[in-house]
Amino acid sequence: MAMTKKYWLMKTEPDVFSIDDLKRDKTTLWEGVRNYQARNYMTNEMKVGDLALIYHSSTVPPGVAGIMEISKAAAPDATQFDKKSEYYDEKSTRENPRWHCVQGKFSKKFSHFVTLDQLKSHPALKNMLALRKGNRLSITPVTESEFNTIVASGESAR
DNA sequence: GCCAACGTTGGC
DNA sequence: GCCAACGTTGGC
């Protein structure tokens, strides 16, 4: 029996890594997550074939830029062992790594960037986890209908 | 286990 | 650059 596909929203600062970088590179390791709840989503719940909305944060305006498909399950994040990396974690060991990351592959860039204002004003998204006040998690689950609503906005002719 | 102090996120 | 909201750390 095939597992039900899950949907996610994953934040990235496009100055660091953008949907265009993903399109160019084809795949990416989602390195640098240093929050346990976000990590747990990757290690415990994300499966190959899941789809993630790529959200550009700290931009004007912020919003959803496209879609990435999860292409490899979570594995230890190499940057935690790299002393030169800003993601280095001295408390992490190779025997017992703290941080993991999934691999994603480019799926699509929306023809229309879906801004945070549009997300907030859409009735079908009023319960969306990522939009709740104070939510700073870089990875959040998205329902299938929320996902489809956002994709429809991103792909709509305007 | 509590909680104050501190650090980070991310919209504005 | 500000700051609300939240997560993490570490002393006790």
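Below, read A as the first sequence line, B as the second, and so on, with proteins coming before strands; counting in each chain starts at 1. Computation of the quantities below employed the complete heavy-atom set of this structure, encompassing side-chain atoms and omitting hydrogens, waters and symmetry-equivalent molecules.
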Just checking A:N135: base, sugar-phosphate only, or nothing, at a heavy-atom cut-off of under 4.0 Å?
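Contact class for A:N135: none.
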Specify the separation, in whole Å, of atom [atom1] of [X] and atom [atom2] of [N].
X      : N      : atom1 : atom2 : result
A:L119 : B:dG11 : CG    : P     : 11 Å
A:L137 : C:dG7  : CG    : P     : 7 Å
A:N40  : C:dT8  : CG    : P     : 10 Å
A:K91  : C:dT9  : NZ    : C1'   : 7 Å
A:K120 : B:dG10 : NZ    : P     : 13 Å
A:E86  : B:dT9  : CD    : P     : 9 Å
A:E90  : C:dT8  : CD    : C1'   : 14 Å
A:E13  : B:dG10 : CD    : P     : 7 Å

Indicate the atoms forming the closest heavy-atom contact of A:M42 with A:M46, along with that distance.
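A:M42 and A:M46 have their closest heavy atoms at O-CB, 3.6 Å.
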What closest approach, in Å, do A:N127 and A:E146 show between heavy atoms, and which atom pair accounts for it?
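Residues A:N127 and A:E146, closest heavy atoms: C-OE2, 3.9 Å.
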From C-beta outward on [X], which listed nucleotide comes closest to its side chain: [options]?
X      : options              : answer
A:P62  : C:dG7, B:dG11, C:dT8 : B:dG11
A:K133 : C:dG10, C:dA5, C:dT8 : C:dA5
A:R136 : B:dT8, B:dG11, C:dT9 : B:dT8

Exercise: do A:Q118 and A:T115 side chains pair donor with acceptor under 3.5 Å:
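Distance-only check passes for A:Q118 and A:T115.
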Side chains of A:S57 and A:R136: donor-acceptor distance under 3.5 Å anywhere?
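There is no such pair between these side chains.
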Is there a side-chain contact between A:Y36 and the phosphate of C:dT9, meaning an N or O under 4.0 Å from OP1 or OP2?
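Answer is no, no contact under 4.0 Å.
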Would one find a side-chain N or O of A:K11 under 4.0 angstrom from OP1 or OP2 of B:dT8?
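No, outside the criterion.
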Could you point out which residue of A:R39, A:R94, A:R34 forms a salt bridge (Lys or Arg N to Asp or Glu O under 4.0 Å) with A:D77?
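Testing A:D77 for a salt bridge (Lys or Arg N to Asp or Glu O under 4.0 Å) against A:R39, A:R94, A:R34 leaves exactly one candidate, A:R34.
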